[in-house]
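Counting convention: from 1, in listed order, for ligands and their atoms alike.
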Amino acid sequence: MSKLNIVLFGPPGAGKGTQSNFLIERYGLVHLSTGDLLRAEIKAESQLGLQAKELMDAGQLVPDAVVIGMIRNKMEAHLDAKGFIFDGFPRTKAQAETLDEMLDAKSEPITAMLALEVPEEELIKRLLGRGATSGRSDDQDESIIRNRIREYTTKTAPLKDYYSAQGKFKAINGVGSLEEITGRLVEAIG
Ligand code: B4P
C-alpha cells in the first residue's frame with residue numbers, strides 16, 4: 001500500500017499544529033513539525049537551539065540546512081511509518097525540492113499539499129491569544145507576528161505554485177470550528 005505523505009501548509013496561526021494532532025490519530029501517521037523540533041532544541045539549550053532562538057524570536061526563518069537536517073534524521077528514525085504529516089515544512093523552495101528528492105529516492109512521494117487559508121487579522125488574534133498563555137515569545141508581540149506573516153508571504157506562499165504544478169495543491173478554508181476544519185481536511189484527503 002502506498003504511504004500517505006501530507007504537507008499541511010498555511011501561515012503562522014492557520015491551525016497546522018492543531019489539525020495535525022487530529023490527522024495523525026485518524027490515519028496513524030508520524031508528525032514532523034519543524035517548529036516543535038526547533039523548540040525542543042531550544043529547551044535542550046543545544047548549539048543549534050541557541051542559533052535558532054535568535055531567529056525565531058525575531059520572526060525570521062531558520063536556515064534551510066538546519067531544518068532539512070532535522071527532518072532527514074526524523075524520517076530515517078521512522079522508516080516503517082505509514083506516512084508523515086509535514087507541519088510547517090517545507091517553508092522555502094529549497095526545502096520543498098530537497099523533500100521531493102528524499103521522498104523520490106524511496107518512491108514515496110507527497111500525496112497532497114493541504115493549505116489552510118485564514119485572513120491575516122484572524123491569524124494575529126489567534127497567535128496573540130496563544131501568546132497570552134503559552135509563554136511562546138514569538139507569539140507575544142504583534143510586530144513579530146506580522147514579521148512572521150511577511151516571511152510566509154514572501155518565502156513560503158510561493159510553494160502553492162510549486163505544488164500546483166504537480167497537481168497536489170488543495171486550498172482548505174481554515175476558519176470555523178476545529179471539527180469543521182478537520183472534516184474539510186479529511187474530505188480533501190479522500
Ligand atoms: P511553527 O511552530 O511552525 O509555528 P506556527 O506556524 O505559528 O504554528 P502553527 O501554525 O502550527 O500554530 P497553530 O496554527 O496550530 O514555527 C515557529 C517558528 O519556527 C517560525 O516562525 C520559524 O522561525 C521557525 N521554523 C519552523 N519551521 C521552519 C522551517 N521549515 N524553515 C525555517 N524556519 C522554520 O495554532 C495557532 C493558534 O490558533 C493556537 O492558539 C490554536 O489554538 C488556535 N487555533 C487553531 N485553529 C483554530 C480555529 N479553527 N479557530 C480558532 N483558533 C484556532
Side-chain angles (χ1 to χ4, degrees), residues 6-24 31-43 48-75 84-100 102 113-159 162 172-185:
I6 303 288
V7 171
L8 198 53
F9 191 81
K16 303 182 294 283
T18 307
Q19 292 297 330
S20 289
N21 292 330
F22 296 113
L23 298 180
I24 51 173
H31 184 203
L32 293 183
S33 159
T34 38
D36 287 351
L37 293 171
L38 289 166
R39 281 185 289 276
E41 295 285 344
I42 291 173
K43 201 161 170 222
L48 190 160
L50 289 175
Q51 287 169 357
K53 185 173 184 339
E54 214 171 299
L55 292 162
M56 289 167 77
D57 281 351
Q60 288 167 15
L61 293 184
V62 171
D64 288 335
V66 171
V67 285
I68 289 168
M70 289 191 319
I71 286 282
R72 199 186 289 278
N73 289 343
K74 281 285 167 186
M75 285 171 67
F84 294 101
I85 290 208
F86 297 96
D87 163 6
F89 178 90
R91 264 177 155 96
T92 64
K93 188 147 179 270
Q95 292 179 21
E97 286 169 348
T98 309
L99 179 61
D100 273 351
M102 288 193 272
M113 185 256 222
L114 307 178
L116 291 167
E117 300 195 328
V118 176
E120 180 161 339
E121 293 315 308
E122 168 72 12
L123 297 173
I124 290 167
K125 199 173 93 193
R126 288 184 188 180
L127 292 174
L128 286 173
R130 182 169 68 184
T133 54
S134 72
R136 261 182 70 168
S137 46
D138 58 345
D139 283 345
Q140 291 177 17
D141 179 322
E142 188 170 329
S143 68
I144 293 173
I145 294 173
R146 287 200 189 269
N147 197 29
R148 286 161 64 195
I149 295 174
R150 231 179 348 262
E151 287 272 270
Y152 169 81
T153 308
T154 54
K155 297 178 183 161
T156 307
L159 292 184
Y162 180 86
I172 308 287
N173 177 0
V175 180
S177 70
L178 300 187
E179 297 76 18
E180 279 168 342
I181 297 164
T182 308
R184 290 173 199 147
L185 289 166

Presence of salt bridge, R148 and D139, under 4.0 angstrom: yes

Using heavy atoms and a 4.0 Å limit, tell me yes or no: is E151 in contact with ligand 1? no

What side-chain donor-acceptor pairs closer than 3.5 Å can you find for residues 49-58, not counting sequence neighbours?
{"residue": "K53", "atom": "NZ", "partner": "D57", "partner atom": "OD2", "Å": "2.5"}
{"residue": "D57", "atom": "OD1", "partner": "S137", "partner atom": "OG", "Å": "2.7"}

Hey, is ligand 1 close enough to E122 that some N/O pair sits below 3.5 Å? no

Give a yes/no on ligand 1: does G13 have at least one heavy atom closer than 4.0 angstrom to it? yes

Just to confirm my output: which protein heavy-atom neighbour is closest to atom 25 (N) of ligand 1, and how far is it? L38 CD1, 3.6 Å

Strictly below 4.0 Å, N to O, side chains only: are K125 and E121 in salt-bridge contact? no

Closest heavy-atom approach to atom 21 (O) of ligand 1 among K155, R148, E54, E179 is made by R148

F89 heavy atoms within 4.0 Å reach ligand 1 at atoms 30 (N)

Location of contacts on V67 toward ligand 1, heavy atoms closer than 4.0 Å: side chain

Out of K125, R130, R126, K53, whose heavy atom is nearest to atom 35 (O) of ligand 1? R130

When you measure from atom 33 (N) of ligand 1 to each heavy atom in I181, D138, V62, which option holds the nearest one? V62

May I ask which of Q95, K16, Q19 has a heavy atom nearer to atom 30 (N) of ligand 1 than the others do? Q95

Atom CZ of R136 with >12 non-hydrogen neighbours under 6.0 angstrom: yes

Taking atom NE2 of H31 and atom CG of L37, what is their separation to the nearest 0.5 Å? 9.0 Å

Tell me which one of Q60, R91, M70, M56 gets a heavy atom nearest to atom 16 (O) of ligand 1. R91

